[in-house]
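What's counted below: heavy atoms across the whole structure, side chains too, no hydrogens, waters or symmetry copies. Note that the structure is predicted; figures quoted are calculated from it, not measured. Every chain is numbered from 1 and lettered A, B, ... according to where its sequence line falls, protein lines coming before strand lines.
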2 protein chains.
Amino acid sequence: MKHKSLENDACPVARSLEAAGDTWSMLVVRDAFAGKRRFGEFQRSLGVAKNILTVRLRKLVALGVLEQVPAADGSAYQEYVLTEKGRGLFLVLVALGQWGCGESEFKLVERKRGKAVRLELRSEDGRKVGLDEVSLASPRA
Amino acid sequence: MKHKSLENDACPVARSLEAAGDTWSMLVVRDAFAGKRRFGEFQRSLGVAKNILTVRLRKLVALGVLEQVPAADGSAYQEYVLTEKGRGLFLVLVALGQWGCGESEFKLVERKRGKAVRLELRSEDGRKVGLDEVSLASPRA
DNA sequence: CCGTATCCATTCCGATACTG
DNA sequence: CAGTATCGGAATGGATACGG
């Protein structure tokens, strides 16, 4: 049977994995957040085969994470920039980064003041909430 | 060439994708957070082939996300439970869930008070920080 | 019930060559 | 530079059969 597409799964986590659930997509997004826009920039940064990159870029465009805009330098090519939806993946990226660093040495700073910023769970009234104090009431999670 | 392992990549995002960057691993983790522990529970919930599940469980154990413990019911089998490290993936799961729901209808509640909880960026002194106010100063991101 | 083993189809990925 | 085309090998996934 064909590999099940998660795109229409009831669980939002599963749906999100459509964009995050392969080796390269999130790394492309990471590079996009780092300001990369051109095919060659992604290709050299990631060391991915060009045909694979082509497919991934197309998929991210189809998912509405990236959009193609005419190159700023007047060349005949496209640049790939994050959409509003794509920028929403920032929290996912930060969560992955924090976890990969064991919760301590991940460097995320507020531009204006240069102070460290962290990802946290907060209740509606702004109180900090611990990982073990919450329950997931999401569909099929 | 062999598929590049991200395990030793300089970027923490890339390293985390070793655990999150395939179709099934994060869904297994999601189910583990939902209280599932047994091979068959995962298998029926995910509809994944048993051989693939075996491989994924082994990988998550090897990565220190899950650990095997003797079954509570005295059967000869194992149960798979989240380690401390594995529980750290909760923020990643929440980030994916929030994104999949377009930032609104994701249900995460504080157990004690039943109030909604959200994932946010906060500066060291507790101020809420917007997505566009921060910069990533992480290696290779 | 909990896996392991095997087989086969599909997909993914990397390398290379090629085009404009 | 920015892709497209093609190829082969590796990994992934599904189905099923089997054994503890």
Per B:Arg56 side chain, nearest of listed nucleotides D:dC1, D:dT12, C:dG3: D:dT12

Sugar-phosphate only, base, or nothing, as touched by B:Gln78 at under 4.0 Å among non-hydrogen atoms: sugar-phosphate

Sugar-phosphate, base or nothing in reach of B:Phe42, heavy atoms under 4.0 Å: nothing

Any A:Thr23 side-chain nitrogen or oxygen under 4.0 Å from OP1 or OP2 of C:dC13: yes

From D:dA15, C:dG14, C:dC1, nucleotide with atom closest to A:Val48 side chain: C:dG14

OP1 or OP2 of C:dG14 under 4.0 Å from side-chain N/O of A:Trp24: yes

Salt bridge B:Arg38-B:Asp31, side-chain N to carboxylate O under 4.0 Å: no

Hey, what are the protein-to-nucleotides 4-6 of chain C N/O distances that come in under 3.5 Å?
unit_1 : atom_1 : unit_2  : atom_2 : d
C:dT4  : OP1    : B:Arg58 : NH1    : 3.2
C:dT4  : OP2    : B:Thr54 : OG1    : 3.4
C:dT6  : O4     : B:Asn51 : ND2    : 2.9

Qualifying residues under salt bridge (Lys or Arg N to Asp or Glu O under 4.0 Å), relative to B:Glu7, sequence neighbours excluded: none

Cationic N near anionic O, under 4.0 Å, B:Glu41 to B:Lys36: no

Test item: B:Leu53 and B:Phe39 side chains (from C-beta on) under 4.5 Å apart, heavy atoms: yes

B:Pro12 side chain reached by A:Leu96 side chain, heavy atoms, under 4.5 Å: no

Donor + acceptor pair across side chains of A:Asn51, A:Thr54 (<3.5 Å): no

Nucleotide-level pairing of DNA chain C, given in dot-bracket where Watson-Crick and G-U pairs need both distances under 3.5 Å and | marks other strands: |.||||||||||||||||||

Same apolar cluster: B:Val61 and B:Val81, side chain cutoff 4.5 Å: no

Pair A:Asp22 + A:Lys59: basic N to acidic O under 4.0 Å: yes

